[in-house]
Amino acid sequence: MTKFGLMTPLTTRRQLLLSGLALALLARNPASAKEEPLPKAALRNPRAHTSPPPAAAGKKIVMIDPGHGGIDSGAVGEEGSEEKHVVLEIANHIRQMLSSHPHIEARLTRESDHFIPLGERVEIAHQHGANLFMSIHADGFTSPDANGASVFALSNRGASSSMARYLSKRENAADEVGGVKSSQKDHYLQQVLFDLVQTDTIKNSLTLGKHVLNQIRPVHHLHSQHTEQAAFAVLKSPSIPSVLVETSFITNPSEERLLGSTAFRQKIASAIVGGIISYFNEFDANNRRP
């Protein structure tokens with residue numbers, strides 16, 4: 001498995017250059033800064049465009065994103081379990097467990113069963129000043145034999161495996177379910193300045209993925225032993241380390257039953273929390289801030 005060195009701090013000359021160039025670009029083309037209205041089919045988060053509360057002094061903000069929601073049920077198990085409900089419960093467990101940590105504050109992109117476009121999930125993380133973004137899923141596959149947990153980071157160079165390619169394509173189709181037009185998607189990748197900091201962010205995301213996998217490995221079977229990469233739209237923040245966690249395959253009958261139990265949801269949530277804390281500890285040990 002490829003090894004990475006110490007995580008790269010994001011407050012760098014690149015980021016300063018990014019800010020300056022972004023201002024110049026917007027001044028040159030102010031119309032590009034305007035957001036297109038979302039289609040009526042997209043039931044938006046009513047809190048997404050209010051001013052988010054600032055984090056307490058010294059606290060890192062972790063944005064937990066329960067996948068799917070509303071009109072988009074996500075994957076559905078043989079017994080009728082819907083991904084959108086399962087992952088919201090796991091996300092709530094993660095937030096509750098992190099609330100006991102004095103230096104971390106967890107927030108959710110959605111707290112109820114409603115649809116949020118993929119790009120807006122990234123926007124919510126930026127509005128809250130998140131230090132970390134984690135999208136929680138329990139996806140499906142064409143074969144019920146597919147099983148185990150996986151962690152994914154963004155790739156700008158193609159998927160790292162056929163499964164990563166399949167799952168990213170499936171997850172990215174969520175906007176079509178909600179009626180979001182293609183012109184409203186991937187707006188970060190449409191920015192000419194995106195690549196200036198993206199390399200550092202992906203390195204940090206891979207490090208985060210490593211920590212999460214190390215915590216899941218003792219408590220649940222892994223589908224892949226290393227952090228996979230693919231072009232997941234929800235991971236395309238240029239500056240926030242972001243991963244997508246597939247907690248299990250809901251289309252696998254035995255894992256659907258596991259996901260339906262409070263004990264397993266708490267166990268997988270605890271492992272994810274352990275990975276988050278371990279990731280931040282590595283930063284603190286090196287006197288760096290993500």
Side-chain angles (χ1 to χ4, degrees), residues 1-5 7 64-68 74-75 77 81 83 86-87 90-91 94 118 132-174 198-199 201-237 240-259 264-265 267-279 282:
M1 180 175 72
T2 304
K3 294 184 179 180
F4 294 91
M7 289 170 279
I64 305 297
D65 173 48
H68 308 283
S81 302
E83 181 182 5
V86 171
V87 298
I90 294 173
I94 294 171
L118 299 175
L132 180 157
F133 178 90
M134 183 173 289
S135 193
I136 307 298
H137 291 258
D139 219 329
F141 191 57
T142 54
S143 169
D145 295 330
N147 65 91
S150 305
V151 178
F152 297 86
L154 180 65
S155 171
N156 287 335
R157 300 181 178 179
S160 57
S161 69
S162 57
M163 178 62 80
R165 186 179 302 107
Y166 172 86
L167 291 178
S168 65
K169 183 177 180 180
R170 181 187 179 97
E171 295 296 353
N172 291 348
Q198 189 60 47
T199 299
T201 303
I202 290 177
K203 286 182 179 179
N204 290 346
S205 300
L206 288 167
T207 301
L208 170 60
K210 177 192 70 176
H211 283 285
V212 174
L213 284 171
N214 286 344
Q215 295 295 318
I216 294 178
R217 187 175 287 107
V219 302
H220 188 52
H221 171 70
L222 294 180
H223 183 80
S224 178
Q225 297 294 319
H226 64 277
T227 305
E228 296 275 4
Q229 290 182 263
F232 287 91
V234 78
L235 302 182
K236 290 175 180 176
S237 165
I240 302 174
S242 305
V243 296
L244 184 147
V245 180
E246 295 285 2
T247 55
S248 288
F249 281 85
I250 201 168
T251 49
N252 179 289
S254 61
E255 291 198 340
E256 181 185 9
R257 289 190 290 272
L258 273 179
L259 289 166
F264 179 78
R265 291 176 182 179
K267 183 168 68 173
I268 202 73
S270 179
I272 291 170
V273 167
I276 292 171
I277 294 172
S278 177
Y279 169 77
E282 184 171 338

Practice prompt. Assess whether side-chain contact (heavy atoms from CB on, under 4.5 Å) is satisfied between Val212 and Tyr279, documenting all intermediate values.
Written response: CA-CA 8 Å; Val212 174; Tyr279 169 77; over 6 Å; no
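- Summarising the geometry of Leu259 relative to Ala138, their closest heavy-atom pair is CD1-CB, 3.8 Å, with the distance given to 0.1 Å.
- Using a 4.5 Å heavy-atom threshold, the side chains of Leu154 and Lys236 count as touching.
- Partner of Ile136 under the side chain to side chain contact (heavy atoms under 4.5 Å, CB included) criterion, out of Val243, Val86, Ile90, Ile268: Ile90 alone.
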Show me the donor-acceptor pairs, under 3.5 Å and distance only, between side chains in residues 246-253 and residues at least two apart or in other chains.
unit_1 : atom_1 : unit_2 : atom_2 : d
Glu246 : OE1    : Asp139 : N      : 2.9
Thr247 : OG1    : His137 : O      : 2.9
Ser248 : OG     : His220 : NE2    : 2.8
Thr251 : OG1    : Phe141 : N      : 3.0
Asn252 : OD1    : Ser254 : N      : 3.1
Asn252 : OD1    : Ser254 : OG     : 2.6
Asn252 : OD1    : Glu255 : N      : 3.1
Asn252 : ND2    : Pro144 : O      : 2.9
Asn252 : ND2    : Ala146 : O      : 3.4

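- With sequence neighbours excluded, the residues satisfying ring pair (Phe, Tyr, Trp, His ring centres under 6.0 Å) with Phe232 are Phe152.
- Of all heavy-atom pairs between Leu206 and Ala153, the closest is CD2-CB, 3.9 Å.
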Worksheet item: Hey, mind stepping through Val87 and His68 against side-chain contact (heavy atoms from CB on, under 4.5 Å) and telling me if it holds?
Response: CA-CA 9 Å; Val87 298; His68 308 283; 5.6 Å; no
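- Taking every heavy atom of both residues into account, Gly275 and Gln215 meet most closely at N-CG, 3.2 Å.
- Evaluation of the salt bridge (charged side-chain N to carboxylate O under 4.0 Å, His left out) rule for Arg257 yields Glu79 as partners, not counting sequence neighbours.
- A donor-acceptor distance shorter than 3.5 angstrom exists from the side chain of Ser205 to the backbone of Ser242, with no hydrogens or angles considered.
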Practice prompt. Begin with the C-alpha distance, continue with both residues' side-chain angles, and end with the deciding distance and a verdict on side-chain contact (heavy atoms from CB on, under 4.5 Å) for Ile272 and Ile64.
Written response: CA-CA 11 Å; Ile272 291 170; Ile64 305 297; 5.8 Å; no
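- For Glu256 (side chain) and Ser81 (main-chain N/O), a donor-acceptor pair under 3.5 Å exists by modelled atom type.
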